[in-house]
S.K.: 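To start, I am sharing the structure in question, which I have written as structure tokens.
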Amino acid sequence: MEVVPLRSTDEIAAIAADVFESIVRRKPAAVLGLATGSTPLPTYRELIRRHEAGSGPSYAAVTCFNLDEYVGLRAGHEQSYRATIGRELTDGLGISPQRVNGPDPSPDGLPTAGERYEALIEAAGGVDVQLLGIGADGHLAFNEPGSSLASRTRIKTLTDRTRKDNARFFDSPDQVPVHVLTQGLGTILRARQLLLIATDEGKADAVAAAVEGPVSASCPASVLQLHPHATLLLDPAAAGRLRRLDYYREVYAAKPAWQGL
Ligand code: PGA
């Protein structure tokens with residue numbers, strides 16, 4: 001894992017946007033893995049700002065895959081992750097909604113939604129870069145603690161803590177769905193590059209457990225330790241409980257110029 005302690009959310013957004021842009025420049029038909037939540041928003045705003053300023057690449061040929069989706073919201077609900085990704089990112093980059101995929105939460109299709117989503121990702125050639133956040137409980141996508149490290153896309157039940165954390169997006173906590181469809185940890189591991197962003201003090205324990213704790217289903221984000229190209233971009237608060245923080249700083253400062261993230 002490459003742990004990159006940065007100074008601010010603005011710096012994180014600029015670097016994460018650089019990573020996405022360089023992949024799309026190299027491969028215009030890249031497959032982008034997208035995440036929802038508050039953490040990626042500065043990165044998404046930066047990508048749109050550059051796109052509107054004309055300095056970004058064309059996204060016309062990319063395909064996107066969302067990490068997860070709520071189950072039980074009416075189709076088109078503004079808090080559905082399909083609607084959220086369109087509003088926060090893909091519409092602003094001129095990516096047609098037909099090129100943005102998410103797990104299908106329609107009630108009749110739930111038993112096969114996981115395997116259908118896996119097949120779609122595979123048919124697209126796999127994900128080139130997957131953006132990730134981390135839950136305060138160490139969850140990755142909606143893989144709550146206890147999720148199999150080999151899991152594939154499937155239905156999951158949210159913990160009370162995650163439902164409370166996400167209640168801010170709804171009018172009342174009881175409107176937060178109980179079930180979700182989420183890429184599994186095994187699905188996420190198949191992406192060619194993982195880029196995890198964590199900001200704020202509330203993520204510091206989860207980051208420390210993921211990076212410096214054992215690989216364990218009890219901290220789903222620790223599965224990143226098994227990936228050959230996983231990068232973590234951290235603000236000072238989220239990095240605050242890492243024991244090897246000084247070393248990560250030294251590594252980043254000494255990073256060879258030829259070696260991108
Ligand atoms: P957040 O969510 O970015 O809104 O903190 C991250 C997550 O739950 O994975």
Side-chain angles (χ1 to χ4, degrees), residues 6 8-10 12-13 15-17 20 33-47 65-71 73 78-85 87-89 102-103 127 129-147 149 151 153-154 156-170 173 175-185 187-189 191 194-211 217-224 227 230-241:
L6 295 166
S8 67
T9 50
D10 284 352
I12 291 174
I15 290 176
F20 266 68
L34 304 177
T36 47
S38 304
T39 311
L41 295 180
T43 299
Y44 292 166
R45 282 194 287 269
E46 178 63 7
L47 284 166
F65 284 91
N66 297 343
L67 270 179
D68 41 21
E69 184 56 278
Y70 286 120
V71 170
L73 299 179
E78 61 171 14
Q79 290 307 328
S80 72
Y81 284 174
R82 175 172 283 281
T84 302
I85 283 290
R87 188 171 62 239
E88 305 291 1
L89 181 68
V127 172
V129 58
Q130 176 65 59
L131 193 64
L132 296 161
I134 184 172
D137 61 359
H139 73 214
L140 202 62
F142 273 138
N143 295 282
E144 298 284 22
S147 293
L149 301 179
S151 50
T153 305
R154 69 222 182 282
K156 287 290 286 181
T157 304
L158 295 180
T159 60
D160 269 355
R161 178 168 188 181
T162 300
R163 292 185 70 232
K164 282 189 186 113
D165 284 349
N166 288 9
R168 65 191 191 280
F169 296 112
F170 292 83
Q175 288 178 7
V176 182
V178 170
H179 290 119
V180 292
L181 284 163
T182 181
Q183 286 190 29
L185 297 172
T187 316
I188 291 167
L189 280 183
L194 303 181
L195 189 64
L196 185 143
I197 299 177
T199 53
D200 296 332
E201 211 256 334
K203 302 295 175 68
D205 285 333
V207 166
V211 174
S218 295
C219 178
S222 66
V223 80
L224 263 65
H227 195 281
T231 307
L232 290 88
L233 306 181
L234 308 175
D235 78 352
R241 299 209 183 108

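Every number for a ligand or one of its atoms is a count from 1 in the order of the listing.
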S.K.: Between Arg161 and Asn166, do the side chains contain a donor N or O and an acceptor N or O under 3.5 Å apart?
M.R.: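 No, no side-chain donor-acceptor contact under 3.5 Å.
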
S.K.: Considering only heavy atoms of Thr39, which atoms of ligand 1 have at least one such atom less than 4.0 Å away?
M.R.: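 Counting atoms of ligand 1 from 1, those under 4.0 Å from Thr39 are 1 (P), 3 (O), 5 (O).
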
S.K.: Does a donor on one side chain sit under 3.5 Å from an acceptor on the other, for Thr159 and Glu144?
M.R.: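 A donor-acceptor contact under 3.5 Å links the two side chains.
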
S.K.: As a quick check of understanding, evaluate ring pair (Phe, Tyr, Trp, His ring centres under 6.0 Å) for Phe20 and Tyr44, giving each step before the final call.
M.R.: CA-CA 10 Å; Phe20 266 68; Tyr44 292 166; 7.6 Å; no

S.K.: Can an N or O of Lys203 be found at a distance shorter than 3.5 Å from an N or O of ligand 1?
M.R.: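 Yes - when backbone and side-chain N and O of Lys203 are compared with those of ligand 1, one distance drops under 3.5 Å.
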
S.K.: Distance under 4.0 Å to a non-hydrogen atom of Gly133: what atoms of ligand 1 satisfy this?
M.R.: 9 (O)

S.K.: Show me which atoms of ligand 1 lie under 4.0 Å from any heavy atom of Gly135.
M.R.: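 Numbered from 1, ligand 1 contributes 7 (C), 8 (O), 9 (O).
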
S.K.: Given His139, which of Thr162, Thr182, Asp165 fulfils the side chain to side chain donor-acceptor pair (under 3.5 Å) condition?
M.R.: Thr162

S.K.: Tell me, with the steps shown, if Asp68 and Gln183 meet side-chain contact (heavy atoms from CB on, under 4.5 Å).
M.R.: CA-CA 6 Å; Asp68 41 21; Gln183 286 190 29; over 6 Å; no

S.K.: Counting only heavy atoms closer than 4.0 Å, does ligand 1 sit against the backbone of Ile134, its side chain, both, or neither?
M.R.: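 Answer for Ile134: backbone.
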
S.K.: For ligand 1, which atoms sit closer than 4.0 Å to a heavy atom of Gly37?
M.R.: 3 (O), 4 (O)

S.K.: Identify the protein heavy atom lying closest to atom 7 (C) of ligand 1, giving its residue, its atom name and the separation to 0.1 Å.
M.R.: His139 NE2, 3.4 Å

S.K.: I need the Asp137 CG to Lys203 NZ distance, nearest 0.5 Å.
M.R.: 10.0 Å

